[in-house]
Every structure is written in C-alpha cells, then in structure tokens.
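Report on the structure given below.
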Amino acid sequence: MSALNVRHVNKTFGSTQVLKDISLAIDSGEFLILVGPSGCGKSTLMNTIAGLEPVTSGEIRIGDEDVTWHTPSERDIAMVFQSYALYPSMNVRQNISFGLEMRKMPKAQREEAVSRVAELLQITPLLDRKPSQLSGGQRQRVAMGRALAREPQIYLFDEPLSNLDAKLRVEMRTEIKKLHQRLGTTIVYVTHDQIEAMTLADRIAVMRDGEILQLGTPHEVYNDPVDMFVAGFMGSPSMNFLPVTLVSQASGYALQVHDEEQGGTALTLPWPAERDTQELSARVGDRLVLGLRPEHFLEDDAIQETSGEGTRLEVTATVVEPTGADTLLQAWLGGNEVTARLGPKSRVVAGDRVALRTDLSRAVLFDEKTQRRLA
Amino acid sequence: MANMVRRHTTSARLWRAGLYTLLIVAALVYLLPLVVMLLTSLKPLDDIRAGGLLSLPSTISFEAWSKAWGSACTGMRCNGMSGYFLNSIAIVVPAVAISSLVGALNGYVLTKWRFRGANLCFALLLFGCFVPFQVVLMPMARTLGWLGLASSTSGLVLVHVVYGIAFTTLFFRNYYVSIPDEMIAAAKLDGAGFWRIFWRILLPVSGPIITVTVIWQFTQIWNDFLFGVSFAGFDSQPVTVALNNMVNTSTGVKEYNVDMAAAMIAALPTLVVYVLAGKYFVRGLTAGSVKG
Ligand SMILES: Nc1ncnc2c1ncn2[C@@H]1O[C@H](COP(=O)(O)OP(=O)(O)OP(=O)(O)O)[C@@H](O)[C@H]1O
Ligand SMILES: [Mg+2]
C-alpha cells in the first residue's frame, strides 16, 4: 500500500493551469524528489499535498484515506519550508513543541519529544534561543526538528537547503540522508540541486510546465531519460546534443555528425549493434539528435588498456576548467560546442589539439522534432 | 550619522553655523505657543493684565491649575475639568482597544485568510479613511438614535470605533502582508486554527504596529471635538468640549491663566504619550517584515 497517492490532480489559478493531471504514488519509507525548472509547479504540488491549496480536480490519498478535502491540520503531514518559517516570538523549544501542543500531547511527553529531536539534530544547547539568535544552518535544523517531533506519516521538504552556503548544504544533505535511513520516513522533497536529487532520492520526478515528464530511480532518469528535456535537465554539466543523420552501413547503423559550419559530415560514429531497435530502421536518413554525456568522452591516452574501443576524434580545446576532482574540457566538434569530462591527471590547456575517444554504448538518440527518445 | 567626514573649510563652517541657527530659531518658534501657555498658566491674573505675553511671572502660582481642574465653570456647572477628563478616558480606552483589535483581525483576514473580493473589501475600507467627519454626522446621529445610544458614552465609543476601523485596518493589513505566508502555513500544518494562529503566532510579533495604532487612535480620539460636541450627552462630554465651554463662558472676568491651564490639562495625555512612546511610533511605522 502506498503511503501517499496523488491521482489525476489538476490545479488552476484563474485561467492558468499550473498542475496538469499529476499522478504519483509513494511507498512508505520512500524518498521522492521533485525537480524541474522554476515555476513548473513543484511548490504548488507540495501545497496541494499539504492541504494548503485546494485541488481543482483529482484525489489525494494518505495511507488508505481520501484526504482531498481535509484541512492541513487533519492531514498527518509536516513541511519544512525554504524560509524555515519559524515562529519568531517563540524560542526553539516552543517552536518544536507547538505542533505537539496543538495536537494536545501532554506536557511531559512533549518535553520528551523535544529533547529526543534536539539530541538527534544536535541543537540541545540552542533550545532557549529565539530564531533571530540562530544562524541559517541552525534555523534549518530547528525547522527540521519541528517536523520530526510530530512524527507525521509524510514529510514535505520545499527546497530546505537552498538558503545555506555550499559547504553547509553538503553537510545537511548527508544528515538528511542519514536521518532518512535511520528513521525510514516517507519524504517528498523539492530541490533545484542536481546532486541533492541524485544522492538523496529513491525516485526522482522530473516536472515541466505542471506535468511529470519522468518518474524513476536516479539511475533511470540519468541514464534512460525519456526525452531531451529530462536528459538536458539532469546532470551537470548537462548532456551534449549533436545533430546527426542516421545512415545504414555494411557494418550496421552509423551516425553522421553534421558539420554546422562547413556543411557535410564532420565525423561518423558507428551505432553499437546490440542497441539496434526496430524503430531505427524506419528512421534511416532522418535527422536525429545524439545525446552524449560529458563522461562519455575519454582522453585517448587515458585508456591505453582499452584503446581501440570507440571512435577516435580530434578536437581543439577552447576552455579547460579543472574542478579538482576532474577536468572539464570544452571543444568544437563539427560546429557544436561539446563538454567532455576528463580525468584529473589531464594536462590539456586551452588551444591544444586533444585526441578523444567516445563510444555510443551509453549514448541516447532523440527525435529532432518531438524531442522524444528513440534509442 | 555622527561619524561622517565633513569639510573643514571656513565657508563650510559658516554654512553649518547658519544652518544650525536657522534650525534653532525654527524650533523656538514652534515651541513659543507652549511656552506662552505654560508661563500664562503659572501667573497670577494681575501679572497677565500688566505684562507682555513672554514676561516671567512675578510669583509662580498653581492656583490656576487647581481651579481649572476642580472649580472652573464650564457653562452652567462649576466643578472644573476633572469630570470631563475622566469622561474622555472612559471614551478613549474602550474605543482604542476595540478599534485596534478589530483592525488587527481585519488585517489578519485580509492578508492571511484571503477570500474572493478581499481586495475590493480593503479598497472600500481604505475609502473610509478619506470620509470627512462632517459627512457622517447626520447619518450617525440617526443611527445612534435607533440603537438607543444617543448622548451616551457607549454611543461615542461606537462612533470612534466605526470611524477608526478604516485606519487601524490599514495599519495592520500593511504590516501583516510583510509577514511570510509560510509562517501561517507552518502553523496550520502544526494544527493551529484561525484563532490560535492569531493569538499565538501573529499578535506576539505585532508589537510595533500595535504601538503605532494605539498611539494614532489615542491621539485622534482624545483630541476629537466634533463627534464629542455632536453626540455626547451632558454627562459624557469629553475634555475637549469642556475646554471649549470653559473658554467661552462669558460671565465674569476672563481668567486667561485658568484657560491656559485647562488647555494644558486637555493636551497633556497626548503629549505624554508622544514623549513616552514617540520613538516606538517612528520605529513601528518603518518596521518591515519580521525576521524569522
Ligand atoms: N497563488 C497563486 N496565484 C496565481 N498563480 C500562482 C499562485 N501560486 C503559484 N502560481 C503560479 O503557478 C506556477 C507554479 O508555481 P510554483 O510556486 O509551484 O513553482 P515552483 O516550481 O515551486 O517554482 P520555484 O522553483 O521557483 O519555487 C507559477 O507560474 C506561478 O506563477
Ligand atoms: Mg517553489
């Protein structure tokens, strides 16, 4: 039985439809992440789940109960907001216990819950402070504490870490992951952060314009995107898209990468035979879009032992960005700028001719017009 | 900005000296009426007849003050301002309390429990801020008659509450729009309802705007003359009306010192409020959102 079930939910504000037939089901203990560009309706979806906004049509179930028309306080849900939304007039202790008090929990039990949560989040020394006397990271913890104290059936997090600096964000991310593993809570979590999405989620829902485009595990969403939007949205730096023509050769299918500047073909890449599909045969001669992630390129001499695999290509480096863990290379490939992720040992500098290898075993192919995935 | 870098040329200093002189003179001009009132109220009548307005009293006497408070004649009666002073308090305290509370509730509903037509509702209320006193006199008199509240303290309280709600609502609404909706959403999810959110979450952070509203309403209602003279009964006249009656009483010698003392007594509460809470008034007017 799913912990939360959203069925065909539509939401309109005036004449704009913000949620379009959203359906999703979350299992108990599952961590679902919503990602999507700004304004795609993530917060609106969260608000309808929380009961802060009524749905225009559709149904929301928690456990086996239809809660579509229950008020927020009748739903067993806690929410952590981007702005933390702590009560400024109350100290941390009162902030955490307010929800318990409203639910008529006896005082002794409330105090027990507060100290349990405070210990879990290491905010015990802060219990008597006002929110205005806390740092951003501490406020964030208190906001989580407020949610955890109530032990609701479902937690909603709306960009909880986006107001923190980079280092703190990584720390809190790890803590949230630990908390989830320890407590087995059911969580719906909105983020803009790719890495947060990939590392935290059991499943990711990618939204655009009020629709869920793809709902799957991080692995599925990253490696098997359903269309160019999802492919381009997930991953940083994002996937390279190259315009290609599918041709049929004696050895199988191949992709001719267009040379946008000089016309003709810059490069021909053989399509791996094991990935042939029925659909491809109908598309021979068509213009398609090839999606290659930056890590699908390798520096030629970096793969001595497997050299010979894939296709060798030479490019001129335009920008080289060492990130420490690896080196990002930008180069022109037949008039398209592509990004490649090279190993940290790479000594390439801008202007160099670089030999790369790529093979298409993990590449993806899209229809140019519909942007849907072909293979 | 005490720690500002200033120019130290001679002409710059002259400029500054001129500026300060101008400001001091202006301040004195504004203070002069108060000084004259205070001096006159402390002089015996002989001094007033003999000397100029600004001459210092030969002997300082508080007789005029005690007469103004306890035995001066206001129209027919001759027991001073004290009774009317208490009348004013009996009007002001409930009127300020009720109008502020209703304004806070209105502001809360208009910003945090928005309903269809909330904006129109607010616009109409705003309109109430611009309705001149004179316009409402006749309809208000009829209404008070119907309600059986004519010539009573409760009637006057009602008038001031009705007239004040437009202002108090404006104040509270504009303050509450800056309070994040997420705070209210969090309280709803925590299980708090309409009233709990108001008492436990919103009112405790409303200090600055409560100060502004209370000072504003207090000053308006205490200083009101027109409603007082129109709607008060013989026993419920506020201090402003009594002052007018006293000064206009035509029998006997004109006792300027008593008049001045009475005027000071009538003005004292608003003066005190400004001196004590004026700082918070300015602060409240400029207070923005509440830091979470
Ligand atoms: N109360 C409202 N009235 C009218 N339109 C609204 C309202 N709330 C949201 N919208 C619109 O609905 C759309 C979705 O908003 P929403 O806040 O859900 O986006 P989001 O995905 O959370 O964006 P972000 O990532 O920037 O937080 C936006 O176009 C927004 O303008
Ligand atoms: Mg949002």
Side-chain angles (χ1 to χ4, degrees), chain A residues 14 43 46-53 70-92 94-105 130-134 136 138-140 142-144 146-147 149-150 152-156 158-160 163, chain B residues 100-101 104-105 107-120 172 174-214 280 283-284 286-292:
Chain A
S43 298
M46 297 286 259
N47 288 343
T48 55
I49 294 172
L52 297 166
E53 292 276 3
H70 287 193
T71 63
S73 55
E74 290 164 345
R75 304 181 188 201
D76 201 5
I77 284 182
M79 191 157 172
V80 177
F81 296 90
Q82 181 176 5
S83 65
Y84 315 139
L86 301 178
Y87 311 128
S89 60
M90 302 182 192
N91 64 25
V92 171
Q94 292 162 331
N95 261 284
I96 295 175
S97 63
F98 183 72
L100 307 176
E101 188 192 333
M102 291 299 117
R103 284 177 159 69
K104 310 213 162 37
M105 185 187 278
K130 289 278 176 65
S132 57
Q133 298 165 315
L134 301 176
Q138 291 168 335
R139 282 180 208 185
Q140 215 287 324
V142 176
M144 290 203 352
R146 189 166 64 177
R150 267 186 30 216
Q153 290 187 46
I154 293 163
Y155 293 83
L156 305 178
D158 195 349
E159 303 191 38
N163 283 342
Chain B
S100 301
L101 195 66
L105 267 175
Y108 171 50
V109 172
L110 285 171
T111 53
K112 303 301 175 203
W113 294 83
R114 297 184 57 78
F115 49 94
R116 195 182 291 269
N119 279 336
L120 180 69
F172 277 100
N174 287 354
Y175 187 76
Y176 287 157
V177 283
S178 70
I179 288 185
D181 290 345
E182 292 189 344
M183 212 161 91
I184 308 302
K188 283 183 192 170
L189 283 163
D190 264 346
F194 181 89
W195 293 105
R196 297 279 192 119
I197 295 175
F198 183 62
W199 289 113
R200 297 283 302 274
I201 310 289
L202 222 45
L203 269 195
V205 298
S206 306
I209 203 63
I210 292 175
T211 316
V212 168
T213 309
V214 166
Y280 302 102
R283 222 182 269 168
T286 54
S289 65
V290 181
K291 217 179 157 202

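In what follows, chains are A, B, ... by sequence order, proteins preceding strands, each numbered from 1.
Atom CH2 of B/W199 sits in a sparse spot, with 12 or fewer heavy atoms from other residues, nucleotides or ligands closer than 6.0 Å.
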(request) Decide yes or no on side chain to side chain contact (heavy atoms under 4.5 Å, CB included) for A/M90 and B/I201, but give the supporting numbers first. (result) CA-CA 9 Å; A/M90 302 182 192; B/I201 310 289; 3.7 Å; yes
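Here the CD atom belonging to A/Q94 is positioned 7.5 Å from the CZ atom belonging to B/R200, to the nearest 0.5 angstrom. For the atom pair CG of A/L52 and CD of B/E182, the computed distance is 9.5 Å after rounding to the nearest 0.5 Å. A distance of 7.0 Å separates CG in B/D190 from CZ in A/R103, rounded to the nearest 0.5 Å. Separation of atoms CE (A/M102) and CG (B/L189) is listed at 13.5 Å; rounding is to 0.5 Å.
B/A186 and A/R146 get closest at one heavy-atom pair: CB-NH2, 3.5 Å. Contact between B/M183 and A/P88 at its shortest, heavy atoms only, is SD-CD, 3.4 Å.
In this structure, the side-chain contact (heavy atoms from CB on, under 4.5 Å) partners of A/Q138, at least two apart in sequence or on a different chain, are A/L126, A/R129, A/L134, A/S135.
The part of A/E101 that comes within reach of chain B is its side chain, from C-beta onward, which places non-hydrogen atoms under 4.5 angstrom from that chain.
With A/Y87 contributing its side chain and B/A187 its backbone, the two residues share a donor-acceptor pair below 3.5 Å.
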